[in-house]
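Read the structure below first, then the notes.
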Amino acid sequence: MIDQLSWKVGGQQGEGIESTGEIFAIALNRLGYYLYGYRHFSSRIKGGHTNNKIRVSTKQTRSISDDLDILVAFDQETVNLNYKELHDKGIILADSKFNPKRPEDTNAVLYEVPFTDIAAELGTSLMKNMVAVGATCAVLDLDISAFREVVNEIFGKKGQQVVDKNMEAMKAGYDFLKEKLDESALMRLAKADGKKRMFMIGNDAIALGAIAGGCRFMAAYPITPASEIMEYLIKKLPELGGAVIQTEDEIAAITMAIGANYGGVRAITASSGPGLSLKMEAIGLAGMTEQPLVIVDTQRGGPSTGLPTKQEQSDLMAMIYGTHGEIPKIVIAPSTVEEAFYDTAEAFNLAEEYQCPVIILSDLQLSLGKQTVEPLDLSKVEIRRGKLLQGELPETENRGYFKRYEVTEDGISPRVVPGMKHGIHHVTGVEHDETGKPSEAPANRIAQMSKRLRKLENVKFNTPVYKNAPHEEADLLIVGFNSTRGAIEEAITRLENDGLKVNHAHVRLIHPFPVDEMLPLIQSAKKVAVVENNATGQLANIIKMNVGYAEKINKIVKFDGNPFLPIEVYTKCKELF
Amino acid sequence: MATFKDFRNNVKPNWCPGCGDFSVQAAIQRAAANVGLEPENLAVISGIGCSGRISGYINSYGVHGIHGRALPLAQGLKMANRDLTVIAAGGDGDGFAIGTGHTVHAIRRNIDITYIVMDNHIYGLTKGQTSPRSDAGFKTKSTPNGSIEPPVSAMEMALTVGATFVAQSFSTDLKEMTQLIEAGIKHKGFALINVFSPCVTYNKVNTYDWYKENLVKLSDIEGYDPSDRVNAMKTLMEHNGLVTGLIYQDTERKSYQELLTGYSEKPLTEANLKLDEEYFKKLTSEFV
Ligand SMILES: Cc1ncc(C[n+]2csc(CCOP(=O)(O)OP(=O)(O)O)c2C)c(N)n1
Ligand code: SF4
Ligand SMILES: [Mg+2]
């Protein structure tokens, strides 16, 4: 019995690799296993190697695994590119159609299975994926009836015959391989708890969080890896009377979202690096005019078009400092799908409370990695609208403009929205006085600039840092943000097994930086390792700038387009001792 | 009932004396009163330029945003609150250079707002460079040897991308301008009104007199029918775009909001933000 398994299917893009992985994963998720997926894909639709690596476990996992148990290959390229991940007892299931060759420098066993031929015999070679899933079940010694429900859902629309054919294809794959496997080759998974949990990507959770957080309008322009947020909301917001507009570009997207927020509706826009670069001027407008605004940045490999379908975390500095001039801005970085849900919902509260742009920073692996998710609790989602005035307003002094930018102690001014009587004021990106009228007077400039920036002094965010810090005095503190959480957690388990005392801090509120939370953790650690998917160590630099202790801080960076594996974090941390 | 005086505020415009934009301001104020608006139900969203300052000179809600982006701001606002009357306004650089993409797509989209371009064939605020509406040969600081690019045929462009309301006016004709803005506000869809609004400081060619000599009133063309798109295009081409009046209106096509599936009849601002527990359960169950 094993309690976890790593399975990968690969082939040419457009060959149904995605759906093979999907069917396999959904069925196992329904059995109560925890799944964690990683898609390797290129910026093209047909052709090019693609693969889908799925980890199955009886416990929650938040990282891809270091090695691989089963590789399902639809072409030789898949074998060649991925066999090195297989451990000594690993198995390659390869379509006999391409006369697969087993590389010499591996102990993994290669089984040829006529995926395509079996499928073709049953009617259509399209079903080769099902044959492959069936063959996988043979290795797992898993009853294929577990798949009937999923196959029904996917193919049911096409009629009972199609469902039956697909089940038959699975069975044929199962039977073909079963005969060839001896007992020692089987990989039997320990039984899962049978609980039905959600299986979703981070972008689904962000979109769901937006809906729960009261968002009723979105304007966006498609881009990898952010589009799923728009695609989900375009299906759901109309059910709530809301709307999504696919705009002509990202500048239109963000300015529309600003217009809607100014109007009093919770509105969102989402993009990745190239789009965020285009949005920068408008982010400044929202900061200067104190409009609430929620923006999602699903980071991918930069700069420029960079590695558009690959993992990276290199927008950090741009999100904190991007836009000319100085504005108040909040940047939050959820590290799990669950956090992505709650943080997105909360972002709408922060945006209204502090009347400024709030950026939800995600990364490709968090946004697109499909995984099993514990139930989300709507009752934990609050709706707080800050100083938004409602109901009838009193007449203004001398019937003048409403003091929308009144200088207050906490820097936050009362807010009204168009349509409200006695609320008329001006809004301009030009420096302005308390009523919004342009003013260049130095004293006014200082008052307004200070007021805006003062808003960030008291930002309240529930868990600014996710901490797992059992040691009062630690040998090592590992710091990360976004999707590196799982890899760090697994590395820590191994480091602790080696006798090291290791604390973990995952920064969830990136800006304003949670100095008070981070300082004691850094002080009480002999060394600090900051793990991040970028080349320059941006988070490490931010920590040095805000907290100090530069001599303790070590950068562990990876920028080849792939997420960290636990073993990589472990090895790099070991090198520090 | 508000009168045009209720749309005045106490801010003194910083436009040069004689600038065409003064009467555009007056026309908006009159039109707003004429259609029966109260100041709080109007929002004027403007771009950046001399013209862009207009939102600060009208007693209504308003945003003076960023260069070229008045239209998406205005569309977002209208989507948030469909009961508001939203007017976008800006210069020819704003609408036909940096913001051209938004102009084209706002026209196609046909959200129910009114867009007024104050077209002076020059960049006023940045002190006299060529604009996409400047005529070929026009000498400016940035075209010392005369512009070698032909101007954007703005009205023709609007017609080709599916405009449902296209009008043009001249800033001395307060009456016509006011009527066209009123019609634009009442039009169910996107209304584009280009106003020749002379810059007396930097454009010494396209002056008040120049326009007076060159503009043709559509009302003087016998039998001109603004519902005839082909003829509208032909007339524009025959007169090099120098016509005033209602050029084209399609009263049949539905606005974006009317065509949207599921979009609330009530302003989105009135939406209940608390999500129903049952509905949330349904959403999450779709992921199991
Ligand atoms: C992104 C950006 N680029 C450039 C400018 C500088 N700028 C301000 S207004 C303007 C052009 C103004 O011309 P127009 O839109 O025709 O307005 P006018 O002043 O003539 O009314 C320019 C280039 C700016 N504000 N923002
Ligand atoms: S520079 Fe020209 S456009 Fe600007 S205010 Fe003066 S006259 Fe008007
Ligand atoms: Mg101009």
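Chain A is the first sequence line, chain B the second, and so forth, proteins listed ahead of strands; every chain is numbered from 1. All heavy atoms count here, side chains included; hydrogens, waters and symmetry mates do not.
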Chain A heavy atoms under 4.5 Å from [X]: which part of the residue, side chain, backbone, both or neither?
| X | value |
| --- | --- |
| Y263(B) | both |
| D276(B) | backbone |
| L268(B) | both |
| T284(B) | both |
| E270(B) | neither |

Who wins among R266(A), M420(A), M288(A) for the most heavy-atom pairs under 4.5 Å with chain B? M420(A)
Using non-hydrogen atoms and a 4.5 Å limit, figure out which bit of [X] sits close to chain B: side chain, backbone, both or neither.
| X | value |
| --- | --- |
| L376(A) | both |
| Q246(A) | backbone |
| F348(A) | neither |
| R197(A) | backbone |
| V244(A) | backbone |
| P375(A) | neither |
| I211(A) | both |
| A267(A) | neither |

Give me the ring orientation class for Y61(B) and H425(A): parallel if the planes are under 30° apart, tilted from 30 to 60°, perpendicular past 60°. perpendicular
Among Q257(B), H105(B), H102(B), which has the most heavy-atom pairs under 4.5 Å with chain A? H102(B)
Using a strict 4.0 Å threshold on nitrogen-to-oxygen distance, state whether K281(B) and E277(B) make a salt bridge. no
Side chains of L42(B) and F7(B): does their closest heavy-atom pair fall under 4.5 Å? yes
